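Bear in mind that the values here come from a model prediction, so they are computed numbers and not experimental data.
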Amino acid sequence: MGEFWPVPDVLAYLSGAWRAERVVRNLASGDEGRFLGTVEFGPLEDGEGLLQRESGDFTWRGVTRPAERTLRFLRDQEGTADVRFADGRFFHGLDLRSGRHVADHPCSADLYQGEFTVRDEDHWRVVWRVRGLAKDLELVTDHTRADGA
């Protein structure tokens, strides 16, 4: 099967509850933070996708604060999704049929470059590399199915 686990339908795969652990590294300063929380993927009201609700605690420079975000995963072509911010703006596409997807998202003066990889039915990872005039970050998030291994 190779190093990636193919996902024929990204919405079916993501649906449900996940535990998330994210390490955020400022590559310029060496600072490192950590997010621990949950990610819930539930149906959108129209049934055409999933609403992602992420919530937990983010620790940065010794200070822990609550953190949350919401994204919308809309059914695109067969097995893929368009990922949108809560306000409907496009974020990136997502196609995990090979078990791996690379996405770019320009944001003001910064470029977000993401790599999504699926290890098995209960584990997937997202790595975002953020470069810009004021940013040099790496964000690595490991997801484990809440009722899985």
Chemist: Distance under 6.0 Å and angle within 45° of the ring axis: does Arg69 meet both against Phe85?
Modeler: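 Not flagged: Arg69 not positioned over aromatic ring of Phe85.
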
Chemist: Angle between ring planes, Tyr13 versus Trp18, binned at 30° and 60°: parallel, tilted or perpendicular?
Modeler: tilted

Chemist: Side-chain heavy atoms under 4.5 angstrom apart, residues restricted to Ile, Leu, Val, Met, Phe, Trp, Tyr: same cluster for Val126 and Leu50?
Modeler: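 Linked, Val126 and Leu50 end up in one cluster.
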
Chemist: What pairs with Ser55 under side-chain hydrogen bond (donor to acceptor under 3.5 Å, both in side chains), at least two apart in sequence or on another chain?
Modeler: none

Chemist: CZ of Phe58 to CZ of Arg22: how many Å apart, nearest 0.5 Å?
Modeler: 8.5 Å

Chemist: Go through it in stages, so that I can follow the logic: the residues are His105 and Leu111, the test is side chain to side chain contact (heavy atoms under 4.5 Å, CB included), and I'd like the CA-CA distance, side-chain angles, deciding distance and then a yes or no.
Modeler: CA-CA 6 Å; His105 175 75; Leu111 178 61; 6.0 Å; no

Chemist: Check whether Arg19 reaches the backbone of Ala146 with its side chain - one donor and one acceptor, N or O, closer than 3.5 Å.
Modeler: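 Yes.
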
Chemist: Determine whether a donor-acceptor pair (N or O, by modelled atom type, separation under 3.5 Å) exists between the side chain of His101 and the backbone of Gly93.
Modeler: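 Yes.
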
Chemist: Which is it for Thr117 and Glu3 under the side chain to side chain contact (heavy atoms under 4.5 Å, CB included) test, yes or no, and what are the steps along the way?
Modeler: CA-CA 9 Å; Thr117 54; Glu3 68 181 289; over 6 Å; no

Chemist: Roughly how far apart are Trp128 CH2 and Asp104 CG, rounded to 0.5 Å?
Modeler: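 If I round to the nearest 0.5 Å, the distance is 8.0 Å.
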
Chemist: Output yes when a side-chain donor or acceptor of Arg145 lies under 3.5 Å from a complementary backbone atom of Glu121, and no otherwise.
Modeler: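 Present.
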
Chemist: Do Val118 and Phe4 touch side chain to side chain, with heavy atoms closer than 4.5 Å?
Modeler: no

Chemist: State the CG-OG1 distance between Leu94 and Thr80, to the nearest 0.5 angstrom.
Modeler: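 So the gap between those two atoms works out to 8.0 Å.
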
Chemist: If you look at every heavy atom in Phe91 and Leu71, which pair is closest and at what distance?
Modeler: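 Between these two residues, the closest heavy atoms are CD2-CD2, 4.1 Å.
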
Chemist: I'd like to check Asp142 versus His123 (side-chain heavy atoms, cut-off strictly below 4.5 Å). Are they in contact?
Modeler: no

Chemist: Does Arg100 CZ have over 12 foreign heavy atoms under 6.0 Å away?
Modeler: yes

Chemist: For the CZ atom of Arg61 and the OG1 atom of Thr59, what is their distance to the nearest 0.5 Å?
Modeler: 13.5 Å

Chemist: Tell me the closest heavy-atom pair linking Tyr112 and Cys107, and the distance in Å.
Modeler: CE1-CB, 3.8 Å

Chemist: Identify the two heavy atoms, one from Leu139 and one from Leu137, that lie closest to each other, and give their separation to 0.1 Å.
Modeler: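 Looking at all heavy atoms of both residues, the shortest contact is CD1-CB, 4.1 Å.
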
Chemist: Do any N or O atoms from the side chain of Arg97 and from the backbone of Glu78 form a donor-acceptor pair under 3.5 angstrom?
Modeler: yes

Chemist: Say you draw a straight line from CG of Asn26 to CD of Glu32; how long is it, rounded to the nearest 0.5 Å?
Modeler: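 Between Asn26 CG and Glu32 CD, I get 10.5 Å after rounding to 0.5 Å.
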
Chemist: Over all heavy atoms of both residues, which pair between Phe73 and Gln52 is shortest? Give the atoms and the distance, please.
Modeler: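 What the structure gives for the nearest pair is CE1-OE1, 3.1 Å.
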
Chemist: Quick check: closest heavy atoms across Ala81 and Leu11, and the distance to 0.1 Å?
Modeler: CB-CD2, 4.0 Å

Chemist: Calculate, to the nearest 0.5 Å, the distance between atoms CG and NE2 belonging to Asp122 and His143 respectively.
Modeler: 13.5 Å

Chemist: Which donor-acceptor pairs under 3.5 Å do side chains of residues 34-43 form with protein atoms, sequence neighbours excluded?
Modeler:
residue: Arg34; atom: NH1; partner: Glu21; partner atom: OE2; Å: 2.6

Chemist: Applying salt bridge (charged side-chain N to carboxylate O under 4.0 Å, His left out) to Arg75 and Asp9, what does each step give before you reach the verdict?
Modeler: CA-CA 10 Å; Arg75 187 169 304 284; Asp9 184 337; 3.7 Å; yes

Chemist: Kindly give the cluster partners of Leu44, where membership spreads through any ILVMFWY side chain lying under 4.5 Å from a current member.
Modeler: Leu51, Leu74

Chemist: Crowded around Gln77 CD? As in, over 12 foreign heavy atoms under 6.0 Å?
Modeler: yes

Chemist: Is it the case that atom CZ in Arg72 sees more than 12 heavy atoms from other parts of the structure closer than 6.0 Å?
Modeler: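 No, CZ of Arg72 has 12 or fewer neighbouring heavy atoms, counting only those of other groups under 6.0 Å.
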
